[in-house]
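Naming: A, B, ... by sequence-line order, numbering from 1 per chain.
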Amino acid sequence: KQEVTQIPAALSVPEGENLVLNCSFTDSAIYNLQWFRQDPGKGLTSLLLIQSSQREQTSGRLNASLDKSSGRSTLYIAASQPGDSATYLCAVRPLGNTGTASKLTFGTGTRLQVTL
Amino acid sequence: GAGVSQSPRYKVAKRGQDVALRCDPISGHVSLFWYQQALGQGPEFLTYFQNEAQLDKSGLPSDRFFAERPEGSVSTLKIQRTQQEDSAVYLCASSLMTAGETQYFGPGTRLLVL
C-alpha cells in the first residue's frame with residue numbers, strides 16, 4: 001500500500017527566505033506526483049504536476065523536483081511571502097488502468113507560516 | 001461554472017441522521033472524485049466516477065456510504081445513519097478526462113456529527 005510522508009509537519013520562516021518542503025513515498029510505481037496548496041477552510045489548489053518521466057517542474061517562484069527511484073519529491077519556494085502561508089500537500093497517482101490509477105494518495109501536509 | 005462547487009458548505013447532523021452532499025463539477029469534466037479529509041490529515045480517496053459509471057468505490061469506509069452520478073455531471077454522496085467518526089471535510093474533485101490529469105477541487109463540505 002502506498003504511503004506518503006511529508007516533512008516537516010510545520011514550518012515557520014521569515015519573509016524573503018527560500019525554503020524546501022519534502023515528500024517521500026514508499027512505492028515508486030507512480031504515474032505522476034502533484035503538489036497542492038490548501039488554505040484554511042478551503043479546497044485544494046493544484047500548484048505543480050510532475051509526470052513520472054520528468055525530473056522537475058517550475059511555476060513562478062515554485063520549483064518541484066521528482067526522484068522516482070528514491071521515492072522523493074521536493075517543493076522549493078523562493079523568496080517566500082506572507083501570502084504563501086498555507087498547508088502544502090503532495091499526492092501521488094499510481095500506475096495502472098483507468099479505474100485504479102485515478103485515485104490520489106496524499107501526505108498529511110506541511111503547514112507553512114511566513115512571518116513579516 | 002468557473003470551478004467545482006459543493007453544497008452545503010457546512011452540515012451539522014445528529015448521530016443516526018442521513019445526509020446528502022452535492023458536488024457540481026466543472027462543466028464538461030468526465031472524471032469526478034470524492035475524498036474525505038479528517039482534521040489534520042491529508043484527503044483520503046473515497047470513490048471515482050467516469051461519466052455516470054462508478055469505476056472505483058474501494059475507499060468508501062462502509063456500506064453506509066453511497067455515491068451516485070446518474071447523468072454524468074452532478075454527483076451526490078450520501079451517508080446513512082451518520083456516526084461521530086464520519087465528521088470530516090468531504091472534498092469533491094473533477095478532471096477533464098481520465099487518469100494523469102490535474103484534479104480540480106471544490107471547497108469541501110464540513111460535516112459535524114454530534
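Using a cutoff of 4.0 Å between basic side-chain nitrogens and carboxylate oxygens, B:D18 and B:R64 are not scored as salt-bridged. In summary, A:D27 and A:K1 do not engage in a salt bridge, as defined by a charged side-chain N under 4.0 Å from a carboxylate O.
Residues A:L44 and B:Y90 are members of separate hydrophobic clusters, defined by side-chain heavy-atom contacts under 4.5 angstrom among Ile, Leu, Val, Met, Phe, Trp and Tyr. A:I30 and A:L47 fall within a single hydrophobic cluster, where Ile, Leu, Val, Met, Phe, Trp and Tyr side chains are chained together by heavy-atom contacts under 4.5 Å. A:L49 and A:I77 are members of different hydrophobic clusters when ILVMFWY side chains are connected at heavy-atom separations under 4.5 Å.
Contacts between A:L89 and chain B at a heavy-atom distance below 4.5 Å involve the side chain alone, from C-beta outward. Neither the backbone nor the side chain of B:T47 comes within contact range of chain A; no heavy atom of the residue lies under 4.5 Å from a heavy atom of that chain. In this structure, chain B has a heavy atom under 4.5 Å from the side chain of A:Q38, while its backbone stays farther away. For B:Q103, the parts lying under 4.5 angstrom from a heavy atom of chain A are both the backbone and the side chain.
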Given side-chain contact (heavy atoms from CB on, under 4.5 Å), test B:Y35 with A:F106 step by step and report yes or no.
CA-CA 10 Å; B:Y35 294 85; A:F106 283 85; 3.8 Å; yes
Taking it one step at a time, do A:Y88 and A:C23 satisfy side-chain contact (heavy atoms from CB on, under 4.5 Å)?
CA-CA 10 Å; A:Y88 291 80; A:C23 171; over 6 Å; no
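Checked against side-chain contact (heavy atoms from CB on, under 4.5 Å), A:E3 has the following partners two or more places apart in sequence or in another chain: A:T26. In this view, B:R81 satisfies the salt bridge (charged side-chain N to carboxylate O under 4.0 Å, His left out) rule with no residue, not counting sequence neighbours.
Comparing A:L104, A:D39, A:T105, A:T87 by how many heavy-atom pairs each has under 4.5 Å with chain B, the most go to A:L104.
In terms of modelled atom types and a separation under 3.5 Å, the side chain of A:S65 and the main chain of A:S73 share no donor-acceptor contact. A donor-acceptor pair is defined here as one N or O able to donate and one able to accept, closer than 3.5 Å; no such pair exists between the side chain of B:Q50 and the backbone of B:Q54.
Side-chain contact annotation: A:Q6 with A:N22, donor-acceptor N/O pair under 3.5 Å absent.
For residues 104-114 of chain B, heavy-atom neighbours of chain A at less than 4.5 Å comprise B:F105, B:G106, B:P107, B:R110, sorted by residue number. Contacts from residues 69-77 of chain B to chain A, taken as heavy-atom pairs separated by less than 4.5 Å, involve no residues at all.
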